[in-house]
Amino acid sequence: MAKYNFTATEKKWRAKWEAHPIQKNVAGKPKYYCLDMFPYPSGTALHMGHWRGYVLSDVLGRYKILQGYHVLRPMGWDAFGLPAENNAIKRKMHPSISTGENIVSMKRQLNEMSTIYDWDYELDTTDPAYYKWTQWIFARMFEKGLAYEKEMPLNWCPSCKVVRANEEVIGGECERCGETTTKKNLRQWMLRITHYAERLLSDLDGLNWPDKVKRMQSEWIGKSHGAEIDFTVADTHQTIKAFTTRPDTLFGATFMILAPEHELVEVLTTDEQKSAVEAYVKQSSTLSNVDRMAAKEKTGVFTGRYAINPMTGRADMPIWVADYVLADYGTGAIMCVPGHDERDFEFATKFGLPITEVIALDGKVSDMPLKEAYTGDGLLVNSGEYNGMNVTNAKTAITAEIEKKKCGKQAVNYKIRDWVFSRQRYWGEPIPIIHCETCGPVIVPDKDLPVALPEIESYEPTETGESPLAKITDWVNTICPTCGKPAKRETNTMPQWAGSSWYFLRYPDIHNDNALASPEALKTWLPVDYYIGGIEHAVLHLLYARFYTKFLYDIGVVEFEEPFTTLFNIGMVNYQGKKMAKGTGHGVSPDDLMPNYGCDAMRIYEMFLAPPDQDCEWDDSGIDGAFRFLNKVWRLVEESPIIPTTQELERLRHKLIHHITTRINTLAMNTAISGFMEYTNHLQALAKTQGGIDQATLETLAILLSPFAPHIAEEIWEHAGHKETVFAQSWPEYDEEKLKSDTVEIALQVNGKLRGSLALPVNADKDTALALAKQQLASHLNDVEIVKSIYVPAKIVNFVVK
RNA sequence: GCCCGAAUGGCGGAACUGGUAGACGCCCGGGACUUAAAAUCCCGUGCCCUUCGGGGCGUACCGGUUCGAUUCCGGUUUCGGGCACCA
């Protein structure tokens with residue numbers, strides 16, 4: 001009796017799979033595109049957090065092969081971007097070298113996991129042959145007016161003199177030098193994702209995605225109905241546009257607030273208030289949106305001006321500047337109704353601004369002052385001719401009056417904003433634009449794509465806020481493709497998102513030089529059937545990929561509008577209370593565990609650890625359980641004589657097929673594994689009493705186990721007398737009839753408390769069940785009156801007594 | 001702050017549609033085998049009380065609906081993810 005030698009077994013099968021890949025006989029099979037979110041090689045190694053997703057999708061992929069699909073399992077590298085560049089700077093290497101090294105080590109790790117990735121389809125977003133098409137898509141967007149230039153405020157470190165990403169600004173301070181950061185306006189390339197807001201929202205309905213992800217995206221797009229109202233500023237020719245979802249409360253609008261970045265702040269502020277306002281604007285520029293929204297106490301300053309309430313005609317609305325109003329949501333200005341908005345109420349209370357009640361539940365004015373904002377339903381008060389009208393009707397009526405007065409209109413507002421698409425960094429796709437003094441920004445002609453990222457001495461950010469590319473004059477100076485005059489290249493690069501928003505289209509046809517993928521390849525493989533990746537990508541990556549797909553649909557490149565039919569989001573793996581992350585080197589490397597436990601045990605444990613969609617805490621110690629389980633399986637297989645099939649073995653076998661199949665279908669892998677363990681325990685006992693196990697049990701076990709622990713599964717399959725791979729088999733089916741048993745144990749309760757149990761025929765009628773239950777519970781039913789008797793077949797009997 | 005989630009023994013978790021809470025595994029304790037150890041096997045393991053028959057409590061907290069709630073509803077707390085230049 002030899003102990004299961006995982007090292008030798010895993011080596012043996014990995015070599016066999018390498019020589020004869022398990023997916024050979026694919027002709028005529030239906031396709032299944034099972035895709036992982038690709039990693040960004042910004043660190044040298046994968047941690048167990050990555051394993052979680054890749055093992056999960058590998059199990060699904062192998063399962064689909066056994067179900068008879070031709071499965072596409074590609075893998076690639078999202079290798080551009082800030083983290084990769086910072087990793088390179090840290091290691092004093094060129095980013096192409098450091099990411100290249102990282103890719104080599106990650107690929108080794110993926111192979112050691114015995115994943116079925118097909119490296120014939122490997123893709124790298126930094127490969128010019130790939131980013132040629134990233135640039136090509138940008139060119140099409142530019143032509144359609146979806147890419148445009150705009151001045152945007154960016155985080156600026158006055159000490160380092162570089163643009164800082166939000167990630168690099170911690171609590172208003174530069175991560176590198178600790179200096180308080182400010183904002184600097186720089187020209188940026190933007191993508192008009194807002195044009196797709198409505199479609200991005202409504203098409204969520206048809207997706208087989210987790211509800212919570214759909215909800216997050218829908219909240220992110222943030223559609224709301226209301227009115228856009230123009231408020232005239234007294235003693236000026238200016239008007240302030242404000243979007244509100246509550247036009248019904250217009251009579252209660254007692255002041256207005258502009259975001260500190262609002263263009264009218266400078267124009268409107270009176271001389272007396274000038275210094276105070278300027279100081280406030282400067283101070284708020286050091287804060288991020290998150291810091292501003294999370295501030296404990298509201299801050300703000302008066303501009304010295306008043307706006308006219310269009311309903312009352314009175315110039316009694318002081319105009320303030322406050323940073324809880326964001327420049328990029330709505331119009332960057334709000335009308336404030338402190339009586340019926342919590343934040344406005346807080347602000348008005350703090351600064352002594354008037355509060356007017358205009359909605360009351362019963363239509364009766366409350367005693368002033370109000371203790372809090374009332375945000376509920378009700379009837380209008382203090383609202384002139386609208387008094388007594390309900391909120392819903394008032395919204396329509398007051399909007400209609402504003403429209404009549406030509407000082408506003410009904411409006412739909414989206415929270416989603418256009419996408420800032422340029423970075424002042426080296427390590428990204430050059431934006432294929434040439435700036436010509438005569439022609440303006442001109443797109444690089446397709447024949448000149450890709451615009452290759454030039455080699456460069458120093459790729460660290462520059463002191464002018466420009467990309468390091470700006471320093472390479474040879475590269476920057478070029479000729480306008482339209483008029484032939486001297487012109488300059490765009491020096492900003494694209495964000496990492498650019499490459500990851502369409503890569504799933506490229507995989508089936510990665511070597512195509514004439515199109516991003518051939519129509520045939522796209523038709524054969526797309527859309528993606530199952531997409532698996534971290535929950536942290538619930539909004540941005542998935543929204544951007546949907547946007548790109550819709551755009552490519554509109555220009556006729558693809559024939560579908562949604563890229564990912566089914567989505568599964570893996571929960572985070574934490575370690576010592578914190579998220580495992582490559583960037584910080586915080587995590588557990590599979591390399592440390594592999595020599596002691598082997599690949600199968602690690603795959604099993606990773607799946608057993610927790611429900612895949614939930615966050616979990618990594619703990620090495622549990623891996624022993626997975627290791628023992630596999631050894632137990634092997635002993636059972638090796639030591640048990642083969643006997644003819646028995647009814648018990650048959651029932652147990654079908655139960656296992658049923659359990660594993662239903663669990664795999666919902667990716668409930670943790671309970672699939674616990675099902676295997678339970679089965680093995682039963683089988684062990686049964687093998688003892690019956691003197692062995694049957695051939696069918698052996699074979700079924702090998703096939704069912706193969707997606708999870710492929711090496712030992714092959715070994716069992718071989719032990720069962722077979723020469724070809726277990727992955728050439730078909731997934732077994734279960735027989736409903738064989739799952740049924742005749743009797744069932746039901747619970748007996750008195751007043752909902754458990755008082756016993758009873759074995760009953762499954763189809764026992766109520767009278768029989770109650771009679772038997774009464775007998776059983778005689779001691780509990782002695783001196784009481786039974787008020788009600790409940791019998792739920794195969795579940796429970798409950799007596800309600802007095 | 002806003003949006004999205006989560007909370008069950010010493011620990012990870014199970015409980016499928018409202019029906020016997022704690023499957024499975026880890027840890028821990030006891031036993032078998034062994035010169036010994038490892039490995040393996042068997043038994044025990046939510047808390048409290050017990051006359052050892054059993055009884056009480058228990059799924060973050062407070063309340064509600066129900067014969068019956070980990071599951072549904074209202075409120076609260078704590079923790080995690082996202083918040084647009086990390087991806």
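All values below were derived from every heavy atom in this structure, side-chain atoms included, with hydrogens, water molecules and symmetry-related copies excluded. Chain identifiers are assigned alphabetically (A, B, ...) following the order of the sequence lines, protein sequences preceding nucleic acid strands; residue numbering begins at 1 within each chain.
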Original post:
Is the shortest side-chain N to carboxylate O distance from A:E490 to A:R187 below 4.0 Å?
Top reply: yes
Which whole-number value in Å describes the distance from [X] [atom1] to [N] [atom2]?
X	N	atom1	atom2	value
A:D418	B:A84	CG	P	15 Å
A:L191	B:C85	CG	P	11 Å
A:D613	B:G13	CG	P	12 Å
A:R417	B:G82	CZ	P	17 Å
A:M669	B:A14	CE	P	14 Å
A:N86	B:C86	CG	P	11 Å

Verify whether one side chain among [X] and [Y] offers a donor that lies under 3.5 Å from an acceptor in the other.
X	Y	answer
A:Q424	A:Q188	yes
A:N413	A:K223	no
A:W502	A:T134	yes
A:R546	A:Q217	yes

Original post:
Name the stems that RNA chain B belongs to, where each is three or more consecutive Watson-Crick or G-U pairs with both distances under 3.5 Å?
Top reply: B:1-7 with B:77-83, B:10-12 with B:24-26, B:28-32 with B:40-44, B:46-49 with B:54-57, B:60-64 with B:72-76
Using the salt bridge (Lys or Arg N to Asp or Glu O under 4.0 Å) criterion, which residues pair with [X]? Sequence neighbours excluded.
X	value
A:E678	none
A:K415	none
A:R164	A:E168
A:D600	none

**OP:** Report yes if a side-chain nitrogen or oxygen of A:Q614 is closer than 4.0 Å to either non-bridging phosphate oxygen (OP1 or OP2) of B:G80; otherwise report no.
**Re:** no
Subject >> Centroid separation A:F676 to A:F708 less than 6.0 Å >> reply: yes
Subject >> Comparing A:Q424 and A:G756 on RNA chain B - which has the more 5′ nearest nucleotide >> reply: A:G756
**OP:** Could you pick out which residue, A:V213 or A:R663, lies toward the 5' side of RNA chain B when each is mapped onto its nearest nucleotide?
**Re:** A:V213
For atom [atom1], what is the distance between [N] and [M], given to the nearest Å?
N	M	atom1	result
B:U45	B:C27	C1'	11 Å
B:G63	B:U77	C1'	15 Å
B:C48	B:C42	P	28 Å

**OP:** Describe the nucleic acid contact of A:T662 in one word from base, sugar-phosphate, nothing, applying a heavy-atom distance below 4.0 Å.
**Re:** nothing
**OP:** Please work out if A:L540 contacts a base, only the sugar-phosphate, or nothing of the nucleic acid, heavy-atom cut-off 4.0 Å.
**Re:** base
With sequence neighbours excluded, what pairs up with [X] under the side-chain hydrogen bond (donor to acceptor under 3.5 Å, both in side chains) test?
X	value
A:S218	none
A:R663	A:T671
A:Y597	A:D624

Original post:
Does any N or O donor sit under 3.5 Å from an N or O acceptor when you compare the side chain of A:Q217 with the base of B:C4?
Top reply: no
Original post:
With the sugar-phosphate defined as primed atoms, P, OP1 and OP2, and the base as all remaining atoms, what B/S/- string results for nucleotides 23-30 of chain B, 5' to 3', for protein heavy atoms under 4.0 Å?
Top reply: BBSSS---
Original post:
When every nucleotide of nucleotides 67-76 of chain B is labelled 5' to 3' by its protein contacts under 4.0 Å (heavy atoms), B for base, S for sugar-phosphate only, - for none, what sequence of letters results?
Top reply: B---------
**OP:** Would you mind calling B:G74 syn or anti? Take O4'-C1'-N9-C4 for purines or O4'-C1'-N1-C2 for pyrimidines, and syn is within 90° of 0.
**Re:** anti
**OP:** State the syn/anti category of B:G9 according to its glycosidic angle, syn meaning within 90° of 0.
**Re:** syn
For nucleotides 49-55 of chain B, give me every protein contact, N/O to N/O, under 3.5 Å, one pair per line with atom names.
unit_1	atom_1	unit_2	atom_2	d
B:G55	OP1	A:H780	NE2	3.4

For residues 790-801 of chain A, which side-chain donor-acceptor pairs fall under 3.5 Å, sequence neighbours excluded?
unit_1	atom_1	unit_2	atom_2	d
A:Y791	OH	A:A764	O	3.0
A:N798	OD1	A:N751	N	3.4
A:N798	OD1	A:G752	N	3.0

